[in-house]
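Note sheet for the following structure.
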Amino acid sequence: VTLRAALLVLVLFGLPFVPGAGAGSAFAQGENSVVGARFGIVEPGPGGALPAVLAAAAAATTSPAPAAEPEPAPAPAPAQGDRIARPTAEDPELEKRLIALTKELRCMVCQNESIADSHAPLAVDMRNEIRAQLREGMSDGAIIEFMVARYGNFVRFRPPLDLTTIALWFGPALLMLAGLFALVRQLRQRNAAATTGAHEKLSATDRARLASLARPKNDE
Amino acid sequence: MNRWLPLAGFVVLAGFLGFGLTLDPREVPSPLIDKPAPAFTLPTLADPTREFSVSEAQGKVWLLNVWASWCTPCLEEHPVIEAMAKRGIPVYGLNYKDKASAATAWLARHGDPYVLSVVDPTGRIGIDYGVYGTPETYLIDKQGVIRFKHVGPLSPQVVERTLLPLIEKLRKS
């Protein structure tokens with residue numbers, strides 16, 4: 001009974017962390033923050049040479065846009081000031097939405113980083129695009145749709161539930177349940193063998209021998 | 001039988017992991033395949049006063065090649081693009097996040113296989129096409145629908161085995 005209670009607790013606590021959301025986003029973002037922190041220490045400003053080198057290393061055959069490249073073109077007026085995406089104080093509400101949205105979207109160059117964390121030039125472009133769209137009053141859902149239409153569901157850290165992602169969403173939970181099932185069965189078999197089964201399996205001669213061994217020696 | 005269970009599990013896992021090794025994580029299927037090529041009207045590199053829009057290429061089977069002078073794999077791919085242009089396949093360039101002077105110098109030095117190149121200095125049109133690494137190449141049919149996309153330098157193998165047969169097929173239809 002205690003074993004069963006312990007397993008129940010384990011399942012209840014374990015499950016929220018297991019399904020696809022956890023596998024897809026939490027893990028990947030956990031990695032990101034490490035990378036992000038490293039960027040932060042070594043290279044405080046985005047657009048330096050280091051991110052470009054690292055991004056280039058990540059892309060062996062394709063090359064990302066150069067970070068060192070100064071933006072040559074006159075961008076539309078509102079975007080001009082923030083080619084380098086920094087949280088701006090002018091509209092904290094918008095920045096909050098921007099950060100929440102960009103954490104949901106994958107940087108296609110670094111793949112395991114969100115565009116909130118990445119310093120890749122494409123991530124900077126995407127952040128600026130999203131900021132401009134937020135200013136135009138687009139909803140969060142519409143912005144995600146915009147990115148999915150161009151980069152596919154891969155751009156989302158939490159892909160929608162459909163036939164191709166069903167294993168991603170439920171695979172981990174199923175694997176854990178299968179593991180728990182196997183564990184419980186194993187423990188039960190072992191318990192049964194240890195308590196009831198052992199004595200009955202002995203032959204008559206074995207039992208007689210056991211009895212003689214168990215007899216105190218000073219009886220003789 | 002139970003004894004073989006762990007081994008069976010290992011073999012299945014190793015099979016999946018082994019298959020995973022043959023896949024390229026950078027090859028992300030584009031949602032734009034079989035969708036109309038996103039429209040744009042952009043100035044050309046050779047003459048900024050002349051503008052080109054996607055609709056001008058209507059009725060042709062053509063390639064849109066995303067390139068830049070800072071992109072080393074583009075240089076690696078360059079002979080392949082030139083070979084295709086020589087075979088009469090119209091290749092249009094999308095000069096991505098580049099400086100016009102650097103791009104013009106690059107073409108002068110290595111040769112210009114493009115019918116024309118349009119300039120996208122901010123990468124905004126690149127986002128519309130889902131560009132995430134140069135070079136990228138899109139095959140667009142007579143109706144202006146994207147039929148094939150390749151990320152990374154085109155190899156002669158991809159051209160011979162995939163691109164040319166597909167172009168042949170699209171030209172007949």
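Proteins come first, then strands; the chains are lettered A, B, ... in the order of their sequence lines, and each starts at number 1.
The shortest heavy-atom contact between B:P31 and A:G152 is CG-N, 3.2 Å.
With a 4.5 Å cut-off on non-hydrogen atoms, A:F154 touches chain B through its side chain but not through its backbone.
Note that OH of B:Y132 and CD of A:Q111 are 7.0 Å apart. Values are rounded to the nearest 0.5 Å.
Around CD of B:Q157, the count of heavy atoms belonging to other residues, nucleotides or ligands within 6.0 Å exceeds 12. Atom NZ of B:K169 sits in a sparse spot, with 12 or fewer heavy atoms from other residues, nucleotides or ligands closer than 6.0 Å. Atom CZ of B:R161 has 12 or fewer heavy atoms from other residues, nucleotides or ligands within 6.0 Å.
Against chain B, the residues from residues 137-149 of chain A that qualify, each with a non-hydrogen atom under 4.5 angstrom away, are A:F146, A:V148, A:A149 in number order.
Not a single salt bridge (Lys or Arg N to Asp or Glu O under 4.0 Å) links B:E82 to another residue, sequence neighbours left out. Applying the salt bridge (Lys or Arg N to Asp or Glu O under 4.0 Å) criterion to B:R124, with sequence neighbours excluded, gives A:E129, B:D128. Checked against salt bridge (Lys or Arg N to Asp or Glu O under 4.0 Å), B:D34 has the following partners two or more places apart in sequence or in another chain: B:R147.
When B:V28, B:V131, B:I127, B:L32 are compared by the number of non-hydrogen pairs under 4.5 Å with chain A, B:I127 comes out ahead.
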